[in-house]
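Worksheet: the structure to be examined is printed underneath.
Letters go in sequence order (proteins before strands), and every chain restarts at 1. Below, each value reflects all heavy atoms present in this structure, side chains not excepted, and no hydrogens, waters or symmetry copies.
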Number of protein chains: 2
Amino acid sequence: MSTRPPQLSPTELAAYFAFTEVSSLLRHAVEKQLREAGKLSYVQFQLLARLRDAPGGSQRMTDLADDLVYSRSGLTYQAQLLEQRRLLTRAPSPEDERSTIAAITDEGREVLAKVFPGHIEVVSSLLFESLAEQDVEVLARVMTQVSGHLRANPPRSATRKRSSDSARRVSTREP
Amino acid sequence: MSTRPPQLSPTELAAYFAFTEVSSLLRHAVEKQLREAGKLSYVQFQLLARLRDAPGGSQRMTDLADDLVYSRSGLTYQAQLLEQRRLLTRAPSPEDERSTIAAITDEGREVLAKVFPGHIEVVSSLLFESLAEQDVEVLARVMTQVSGHLRANPPRSATRKRSSDSARRVSTREP
DNA sequence: TATTGTTATACTCTATAACTATA
DNA sequence: TATAGTTATAGAGTATAACAATA
């Protein structure tokens, strides 16, 4: 095993501290905006956004839970809330009666549309406003790099699930 | 108000998505490690770490709450938990009897010391392992830039404190 | 009166385990 | 048996408002 140095370098420390601070403040601001503009929690927003971007505007509950690093019961809870507000529907899958397919409704899309401008505004003004175009490019590159690294090396606890038969689709394309 | 474009550029979008994903996964992993290694929540860890780095290992409750973007009652709650575990003490300030000074104890420092190696290990292997040294430098620079920007433009809600000025009577409704 | 901090309380979120039903 | 999902439930965390003490 490759041993990582037991200490962070000063540069790493600075990067880590600044990263967590930005992350925390941005998250806080985004949550506030979503709550005020559409009565959505951050997770609910992610849920709806993911459904909207999924083919057919729908996805299996389990896949949603996997993507959002969520427990299934937690997802059920949030889906119930959104269903009560008619922002999504749930129905058993025709292929596999065990599965539940969640689908975003028109009302759900409306809420997303209502919330989005303010969301962009927050992200834009807090995260990007002070950055030069090149900085943004560099940030995108570095974060994408790390993101890929994290997908490739899941945090141990998330590994226990997908065992033998249905291996998970990874975003890496193999020739 | 400076006018920001109503849309994020593709690069900004990529940067934002990757950033939030990394932030979320890293936070999750860090919380897990802190919980398992020292039964600390992330906020409690930040609290202790901040006290440790403060002069005298102590700080006023209000200042702690400000720094951590925390409500006072929430801070009181966490401080109570830590005090019960003897990881910090609370005592009224000699200068101003209204204030409470929280101070980290030796036991608190021990817990931090116990938790730290694993913390470093998580951050190191998740955030930095896949990055070249130059990437880390760039990340530190960009995040510090944004962090400074955020400090300079607090998210509105955190602002309404220091102003002894009466600039906000205008929008206040009275019966 | 304003500030500091605590308390009382209500609410949201999350996770674990037991359970149902399908496969 | 294994998987998908829900339910029951318990616990942590947060915020708001009322409050007491001090300035």
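Within 4.0 Å of Leu81(A), counting heavy atoms only, lie sugar-phosphate atoms of the nucleic acid but no base atom. When heavy atoms are screened at a 4.0 angstrom cut-off, Ser99(A) is found touching the sugar-phosphate backbone but no base atom. Base contact: Ser73(A) has a heavy atom under 4.0 Å from a base atom. Within the nucleic acid shown, Thr76(A) comes within 4.0 Å of at least one base atom, counting heavy atoms only. When heavy atoms are screened at a 4.0 angstrom cut-off, Ser93(B) is found touching no nucleic acid atom at all. Within the nucleic acid shown, Arg35(B) has no heavy atom closer than 4.0 Å to any nucleic acid atom.
For Arg98(A), taking side-chain heavy atoms from C-beta onward, the closest of the listed nucleotides dT7(C), dT3(D), dT22(D) is dT3(D). With dT16(C), dT22(D), dT22(C) as the candidates, the nucleotide lying closest to the side chain of Ser71(A) is dT16(C). Distances from the side chain of Ser41(A) to the nucleotides dA4(D), dT7(D), dC13(C) place dC13(C) closest. Out of dA4(D), dT22(C), dT7(C), the shortest distance to the side chain of Arg60(A) is found at dA4(D).
Judged by distance alone, with hydrogens and angles left aside, the side-chain atoms of Gln59(B) form no donor-acceptor pair with the main-chain N or O of Ile101(B) at under 3.5 Å.
Between Glu31(A) and Arg27(A) there is a salt bridge, with a side-chain nitrogen of the basic residue lying less than 4.0 Å from a carboxylate oxygen of the acidic one.
Looking at Ser99(A) and Ser93(A), their side chains never bring a donor and an acceptor atom within 3.5 Å of each other. In the model, Thr11(A) has no side-chain atom that pairs as donor or acceptor with a side-chain atom of Glu137(B) under 3.5 Å.
With rounding to whole Å, Leu34(A) atom CG is found 16 Å from dT12(C) atom P. As rounded to whole Å, 10 Å separates atom P of dA15(D) from atom CD of Glu31(A). Between Asp96(A) atom CG and dA2(D) atom P there is a gap of 17 Å when expressed in whole angstrom units. Atom CD of Gln59(A) is separated from atom P of dA4(D) by 14 Å (rounded to the nearest Å). Summarising the geometry, the separation between CD on Glu36(B) and C1' on dA15(C) is reported as 14 Å, rounded to the nearest angstrom. Atom CD of Gln80(B) and atom P of dG13(D) are 13 Å apart (whole Å). The interatomic distance linking Leu75(A) (CG) with dC13(C) (P) rounds to 13 Å, in whole Å. For Met61(A) and dT3(D), the CE to C1' distance is 15 Å, given to the nearest whole Å.
Arg52(A) forms no cation-pi arrangement with Phe45(A), by the criterion of a distance under 6.0 Å to the ring centre and an angle within 45° of the ring axis.
Proximity of Gln44(A) to the phosphate of dT12(C): no side-chain N or O atom is located under 4.0 Å from OP1 or OP2. Proximity of Arg72(A) to the phosphate of dT6(D): no side-chain N or O atom is located under 4.0 Å from OP1 or OP2.
Taking for each of Thr100(B) and Gly74(A) the nucleotide of DNA chain C with the nearest heavy atom, the 5'-most of the two is the partner of Thr100(B). Take the nearest nucleotide of DNA chain C for Glu95(A) and for Gln78(A): the residue whose nucleotide is more 5' is Gln78(A).
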Carefully, step by step, assess Arg86(A) and Glu107(A) under the rule salt bridge (charged side-chain N to carboxylate O under 4.0 Å, His left out). CA-CA 7 Å; Arg86(A) 317 221 174 257; Glu107(A) 286 184 68; 5.5 Å; no
